[in-house]
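Structure first, commentary second.
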Amino acid sequence: MHNGKYQWQYPETSSMTPEFQAEINERKLPETIAKLLWQRNIRTQDQLRRFLDPQLTDFHDPFLMADMDKVVTRIQQAVENGEKILVYGDYDADGITSATVMKEALELIGGEVTVYLPNRFTDGYGPNQGVYQYFIDSGIQLIVTVDNGVSGHEAIDYANSRGVDVLVTDHHELPEVLPNALGIIHPRHPQGQYPFPDLAGVGVAFKVACALLDEIPLEFLDLVAIGTIADLVSLTGENRALVTIGLQLMKQTERIGLLELFKVADAKLAQVDETMIGFAISPRLNAIGRLKDPNPAVTLLTTFDEEEARLLAQELNQINDERKALVTDITKEAESLLDPTSLINVVAQTGWHEGVLGIVAGRLVQLTGKPSLVLTIKEDGIAKGSGRSVTQVNLFSLLQEENERFTSFGGHHMAVGLSLPKEELTGLQSSLTEKLAASAVDLTQGEPLLIDETLTVAEADLAFVEQLKYLAPFGTDNKAPIFAIKGTQTPVLRRIGSEQQHLKLTVADESSSDALDVIGFSFGNELAEFTGDPFTVVGQLSINEWNGLKKPQMQLLDFAINGLQVFDFRGQNKRREFRPTDQTLLVAFEPLKSSLPVVRYENQAQLTEVMAAGDYREIAFLDCPENPELLKEIAQTSNFQRIFLILEAKDDAYLDGMGTREQYARLFKLINGQEKLDIRYKLPQIAQFLQIPQNLLIFMIQVFFDLEFVTIVDGVLQKVAVSEKRPLDQSQVYQKRLKKIKSEEFLLLSDLAGMKAWLSA
C-alpha cells in the first residue's frame, strides 16, 4: 500500500436546480463542466454570465472606495500646480506593475512623476523614512504609494512634518490604526463601500487610474492581469474580469518591454494565459527585486526605446537564471541540514542569499510536509530569513509565542519573515517542536487536496481538456480542476531529467485502448512504486503540443496504491537501488554483514517484539530462508502492506548446485592421494586445480566431514579410513543445501506477479 502525500477530499454532491440546468443546456455546456461550475458555487444565471463571459461592465465604480474623491482632487491639484510627484512602490511583480500603472496614469493627465521601488536589502518593505527624506529634500511635493503604505506610520508622519502629503493605495492587511495619510485607497477600508475586497495592489492602482481619467484605460489591463496573477489574490469576482479581459488585450499589447520579456522567456504571446504569466513572466519581474535594484523593471515596462527594452529584458532573464541557480544550490544545502526527528525544519547558514529564502522554505515544505524556516546568518550574528507553512499549522501564531527571541517578525498563517540572534536558533527549533507535538497536529497526513472528479482514461481525452478552458483563468479560489484516474497498467514508465529526477509514464485502464500521458515532476524516486498493481493517479490535465501534435497530459500531483505491494530488488544491480528508511524493518535469516540495523530472524515472537518497539510500516527480506514458507508466514502474520524482496544468495547455492558425481570423484581422488590437505590457506589453489567453484568446494568438503570421510584440525584435512560407503544424501549438510537450493530457485527465479500471488494466498 502506498498512501498519497495529501489528504484526498472530494466535494459534497448536490443536485443542480432546474433553472441552472436549463441555462447550461442553453449554453450547450458539457455536463462535466456544468458539475464543476456548480461545485464552485456558480449557480445562478447572473453568476454564470459573469464567470463565463466577464465584461467591462463588471468593473465596479472606483468612487465606492473611501477617500477616492479626496485622492483624485489632491492629484489634480498637484498636476495643476506643477508639483513633483513620487510614486513609491514595492519590489515584487505586483509592486512593479502597480507603479507602472500609476506612473502612466499620472503622466496622461500631465503629472511630473518620479518612480521609486525600494531595495529589499537596504530599504526594506513599505514606506522608508530615509528614502522619503531623500526625495523630499530633492523637491518631491506629493507622495503616492502603490502596493504598500497602510503600515507606514512613521514615514508618513515624517512626510507630514515636512509639509508633504501622502496618498496611500494598498491592499494589504489593514492595521487597527491607519496611518495619518491625506487619503487611503483600500478595497477593505472600513469607511468605504467597495463590493470586492480582494484586489491586488495593481488592481487598486488601476481603480485610481480609472477615477483620474474618468474612463476605463484599457491599455493598462495587460499590466493589471500580470500583477494580479503574480500576487496570488483571489481570481474570482472583479479580479476574474480584470485578468480575463487583460489576457485578451495582452495579445495585442504595444508595450515594447513586455514583448521583449516574452521573447527572452521563449513564450508565445498569442498563446498567453495565466499559466504562462505565472511561470514565465512574473518570475522574471520578481527575480530582479529578489536579487537587485528593482527599478529597471519599471523602465522596461514603460520604455519606447527598442534597444533599451531588449537589453533590460535580457538583464531580467539573466537575473532570473541566477535566482533559479541560487534556489537550487541553497535547497540542496538546506536539505543536508534537515533534522528528520524535528516536527519543523529550521535551517540556517552563512552566505545564503536572503532574497530567495522564501522560495527555498517553500521547497522544503513540499519535500518534507513540515513547516520550514530558512535563514541566512549575517556578519553581525543575526539570522534573517523566511518561513513557509502547511495548512494544518498557523505559522504566524506559532511563532508569535516565541516573540521575545526575535529582533523583527511579521507575516501571516502560511508565510513569515523573521530575524533573531543565531544563538536562539537551536532553542527556537526545540520549543517549536515541543509546541507542535503538544498540539497533536498530524503532519504525516499531508495537506488537504480537493479532487474535483474521478475520470476514466477515455473521458480524459483532448476534447474534454479543451472544454476545461471554460473555467479559466485559474488561480487562488478558482484552482485548475484536479482529477483522479484509476489505472491498471503503465505501458511507459521511466525516469527523465538531467538528474533522472522526474517521472514519465502512461496510464492505461479498461476504458480505452489508448493510454494517458503523465508527467511527474520530482517523482523520479517513485518509479519502483508502479510495479503492476492497480493504482490511482491524481493531477491536473492540460494539452501537450509538440511538432503540431496535440495530446492530453496529466501533471502528477499525487498517487496511491491499495493493497499489498511487493517490490523486486533481487539481483545485484537492483539491490543498489534499494533505499530503506527508518520505517523499514530489515530481516535476515543468516548472519549478514551490514552497516544498517538488521534483525536476525529467530522466531515469530521475537519479530513481533521487535516490531512493537519501532514504527515499522514495511519489511525487507535481505536473504533467502531455508524454507520459503517462512517468508510467507512472516508476511501474512505481520500484516505489512509493503514488502521488499532483496533475497541475496550469499553462496549462490542455486547457481552452483549440489556438485556432480564427477566433481565428487575428483575431490575424493585428491583426498585419497594426499596425506594432508591445507584447506585454510590453500583452498583457492585446490579449487583451481579441481576446477570446482570455491563455494561449492567448501560445501563438498563439509559433506565429506559430516559423513566422517575426513577430519579437519586447524585447517588441515585428512582422510579417514571407512569400513562402509555412505550415500551423500545421508549428510544433513547435503539435505540442508538441497532445501536451500529449492528455496532459492523458487524465491529468486519466480516472477514478481507470481511472488505477490503466493505471498497473498
Side-chain angles (χ1 to χ4, degrees), residues 531 563-572 574-575 578 580 584-594 596-612 614 616-660 664 693 695-707 726-761:
T531 57
L564 177 66
Q565 281 182 281
V566 181
F567 299 91
D568 188 359
F569 288 97
R570 295 172 294 179
Q572 187 172 351
K574 289 184 179 179
R575 251 190 333 264
F578 176 55
T584 311
L585 178 60
L586 304 174
V587 175
F589 300 95
E590 299 288 344
L592 194 68
K593 291 182 180 179
S594 175
L596 300 171
V598 176
V599 175
R600 170 78 185 280
Y601 180 80
E602 297 174 6
N603 52 56
Q604 188 63 40
Q606 168 241 9
L607 196 62
T608 301
E609 185 177 337
V610 170
M611 290 165 52
Y616 297 112
R617 303 184 183 182
E618 53 194 34
I619 189 168
F621 295 113
L622 303 184
D623 58 1
C624 298
E626 184 178 313
N627 182 359
E629 290 295 327
L630 188 56
L631 218 67
K632 185 175 182 179
E633 178 187 343
I634 295 171
Q636 293 186 350
T637 56
S638 302
N639 293 320
F640 284 110
Q641 293 297 304
R642 292 166 63 83
I643 298 174
F644 298 90
L645 302 178
I646 291 84
L647 301 181
E648 182 177 358
K650 187 176 179 182
D651 57 3
D652 293 329
Y654 83 103
L655 290 177
D656 292 338
M658 302 295 295
T660 64
Y664 280 104
N695 284 338
L696 177 58
L697 179 60
I698 292 172
F699 161 69
M700 294 168 63
I701 291 172
Q702 289 173 338
V703 171
F704 279 9
F705 180 80
D706 189 40
L707 293 173
R726 296 176 62 190
L728 297 176
D729 58 11
Q730 285 189 4
S731 164
Q732 291 184 358
V733 172
Y734 190 94
Q735 290 297 330
K736 184 176 181 180
R737 184 178 178 90
L738 194 59
K739 291 178 181 179
K740 188 173 184 180
I741 287 176
K742 290 180 179 179
S743 174
E744 290 182 359
E745 284 180 338
F746 172 71
L747 294 175
L748 297 177
L749 300 182
S750 297
D751 62 70
L752 187 61
M755 284 294 295
K756 180 180 176 182
W758 174 73
L759 287 168
S760 304

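Only heavy atoms go into these numbers, but all of them, side chains included; no hydrogens, no water, no symmetry mates.
Ring-plane geometry between F644 and F578 is classed as tilted, the angle between the planes lying from 30 to 60 degrees on a 0 to 90 degree scale.
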Exercise for the section: Any chance you could lay out the side-chain contact (heavy atoms from CB on, under 4.5 Å) test for L747 and W758, step after step, and finish with the verdict? Expected result: CA-CA 10 Å; L747 294 175; W758 174 73; 4.2 Å; yes

Exercise for the section: Start with the C-alpha gap between K740 and F699, add the side-chain angles, then the distance that decides, and say whether side-chain contact (heavy atoms from CB on, under 4.5 Å) holds. Expected result: CA-CA 12 Å; K740 188 173 184 180; F699 161 69; over 6 Å; no

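The minimum heavy-atom distance linking F567 with R642 is given by the pair CZ-NH1, 3.6 Å. Of all non-hydrogen atoms in S743 and E626, the two that sit nearest each other are CB-O, 3.4 Å. Taking every heavy atom of both residues into account, E618 and T584 meet most closely at OE2-OG1, 2.6 Å. For the pair Y664 and F704, the tightest heavy-atom approach, listed with the atom from each and the gap, is CD2-CE1, 3.7 Å. The two residues R570 and L749 have their closest heavy-atom pair at NH1-N, 4.3 Å. Pairing each heavy atom of L696 with each of G659, the nearest pair is CD1-N, 3.8 Å.
Put simply, the side chain of Q730 never gets that close to the backbone of R726: no donor and acceptor are under 3.5 Å apart. Within the 3.5 Å criterion, the main-chain N or O of L707 finds no donor-acceptor partner in the side chain of S731. For R737 (side chain) and G657 (main-chain N/O), a donor-acceptor pair under 3.5 Å exists by modelled atom type. Q735 contributes a side-chain N or O that, together with a main-chain N or O of D729, makes up a donor-acceptor pair within less than 3.5 Å. When atom types are taken as modelled, the side chain of D623 and the backbone of F589 share a donor-acceptor pair closer than 3.5 angstrom.
One distance of note links CG of L748 with CD1 of I741; it measures 12.0 Å at 0.5 Å rounding. The CD atom of Q702 sits 10.0 Å away from atom CG of L697, with the distance rounded to the nearest 0.5 Å. How far CD1 of I619 is from CG of N639: 11.0 Å, rounded to the nearest 0.5 Å. Of the inter-residue distances, the one linking M700 atom CE with T660 atom OG1 reads 7.0 Å to the nearest 0.5 angstrom. Here E590 contributes atom CD and E648 contributes atom CD; the two are 12.0 Å apart, rounded to the nearest 0.5 Å. One distance of note links CZ of F705 with CD1 of I698; it measures 14.5 Å at 0.5 Å rounding.
Other residues, nucleotides and ligands place more than 12 heavy atoms under 6.0 Å from the NZ atom of K632. Atom CD of E629 has more than 12 heavy atoms from other residues, nucleotides or ligands within 6.0 Å. Other residues, nucleotides and ligands contribute more than 12 heavy atoms inside 6.0 Å of the CD atom of Q604.
With I634 as the fixed residue, the side-chain contact (heavy atoms from CB on, under 4.5 Å) test singles out one of I643, L759, L607: L607. Of the options L592, L596, V587, a side-chain contact (heavy atoms from CB on, under 4.5 Å) to L622 is made by L592 and by none of the others.
Residues Q606 and V599 form a side-chain contact, since some pair of their non-hydrogen atoms from C-beta on lies under 4.5 Å apart. Between K739 and N627 the shortest side-chain heavy-atom distance does not fall below 4.5 Å.
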